[in-house]
Amino acid sequence: MKKFTSVSDVENLQEIIKKALQIKENPLSETEKGKGKTIGLVFLNSSLRTRLSSQIAAQNLGLNILTLNAAQEAWSLEFADGAAMNGDTVEHIKDAIEVLNQYCDIIAVRCFAGMKSKEDDVNESILSQFEQHAKVPVISLESATRHPLQSLADCITITENWHFDDSSSSPQAKLSVKSKPKVVLTWAPHIKPIAHAVGNSFAEWMQEMDVELVIANPEGYDLDKNFTKDVKVIHDQEEALKDADFIYVKNWSSFDDYAAMPEVKENWMLTNKKLANTNQGKVMHCLPVRRNVELSDEVMDSKNSIIYQQAKNRIFSAQAVFSEILDELNSK
Ligand code: CP
């Protein structure tokens with residue numbers, strides 16, 4: 001693997017899920033692989049899971065780790081090409097990336113959508129500068145439009161909770177068991193405009209999995225068609241949740257009326273009552289979650305929730321990706 005910014009960088013999704021599950025069994029099986037190499041973890045935005053799981057993954061591979069919480073600790077960055085830097089910005093992103101090239105063998109970066117310019121966000125105005133100026137492999141720790149390490153962890157979690165390859169089942173059992181799980185990505189309420197990266201990315205990765213994907217969101221909240229493609233979008237949550245095996249809860253703002261929050265009359269918060277209509281559906285969320293806004297305490301703390309398992313799998317998602325990038329570097 002030469003870089004990792006979307007599912008298209010993965011040659012074989014099933015193989016990398018298998019690799020991540022093997023790593024989970026024995027996380028310290030490759031402690032020499034990253035020896036003498038350095039990964040830079042650059043955060044232009046806040047993080048708990050991505051920062052810590054990436055650090056654990058890199059540590060398990062023997063990598064040296066440089067973590068830069070750029071928004072708090074580094075110089076104020078300029079992103080505009082050709083800017084006369086006579087204002088508040090102190091260092092141009094191009095120069096910062098050139099310096100990171102001197103220190104790192106891999107650069108991983110978190111750069112959220114600014115949510116001000118649809119064009120800038122859709123075109124990945126920050127990640128694209130890393131891809132353009134980095135001379136080492138670039139890994140996305142969540143960008144304006146995608147969160148691929150989260151999506152890989154989601155695929156791992158669904159695989160752990162569903163018997164996709166049930167070759168040991170009797171023919172009768174196979175007939176009585178659904179071959180594909182129904183996975184529902186359901187919009188949830190929030191107090192402020194949230195980016196589309198997790199929703200886009202989940203939709204994109206699920207289309208590569210052997211699942212029946214349905215997206216449920218209110219009118220005015222359809223995600224970018226470039227990510228959802230032909231996936232069924234239903235504007236009635238109750239109808240969408242019927243017989244669901246996995247329910248992925250996530251808020252996002254309007255894409256068409258970019259970053260707006262059109263009024264929603266119904267209550268889309270996920271509750272136990274709504275789960276009654278599902279196939280004992282397992283509940284997922286990337287975290288952080290606003291309890292009793294996006295989903296209720298009773299759902300979050302119920303046996304249906306696999307949310308902490310999902311968070312744990314962020315380690316193995318990152319480790320599988322870092323390991324494949326190191327294979328490429330070590331082969332040179
Ligand atoms: N899910 C996720 O990316 O969490 P953090 O924002 O805390 O990294």
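Atoms within a ligand are numbered from 1 in the order they appear, just like the ligands themselves.
The distance from ligand 1 to the heavy atoms of Arg314 drops below 4.0 Å at these ligand atoms: 1 (N), 2 (C), 3 (O). In the vicinity of Leu48, heavy-atom distances shorter than 4.0 Å reach the ligand 1 atoms 5 (P), 7 (O), 8 (O). Close contacts of ligand 1 with His147, meaning ligand atoms under 4.0 Å from a residue heavy atom, involve 2 (C), 3 (O). For ligand 1, the atoms lying closer than 4.0 Å to a non-hydrogen atom of Cys286 are 1 (N).
Under the 30°/60° scheme for interplanar angles, the aromatic rings of Trp268 and Trp187 are found to stand perpendicular. Using a 30° and 60° split on the angle between ring planes, His196 and Phe255 fall in the perpendicular class, above 60°.
Between Leu127 and Ser143, the shortest heavy-atom contact is CD2-CB, 3.8 Å. Taking every heavy atom of both residues into account, Ala197 and Glu142 meet most closely at CB-OE2, 3.7 Å.
At the shortest separation from atom 6 (O) of ligand 1 among protein heavy atoms lies Arg110 NH1, 2.9 Å. Protein heavy atom in closest approach to atom 4 (O) of ligand 1: Arg49 NE, 2.8 Å.
Using a 4.0 Å cut-off between heavy atoms, Leu287 contacts ligand 1 through its backbone alone, with no side-chain atom that close.
Residue Ser47 has at least one N or O atom closer than 3.5 Å to an N or O atom of ligand 1.
Inter-residue side-chain proximity for Leu287 and Ile307 is flagged as met; some heavy-atom pair is nearer than 4.5 Å.
The closest donor-acceptor contact from the side chain of Tyr221 to the backbone of Pro262 lies under 3.5 Å.
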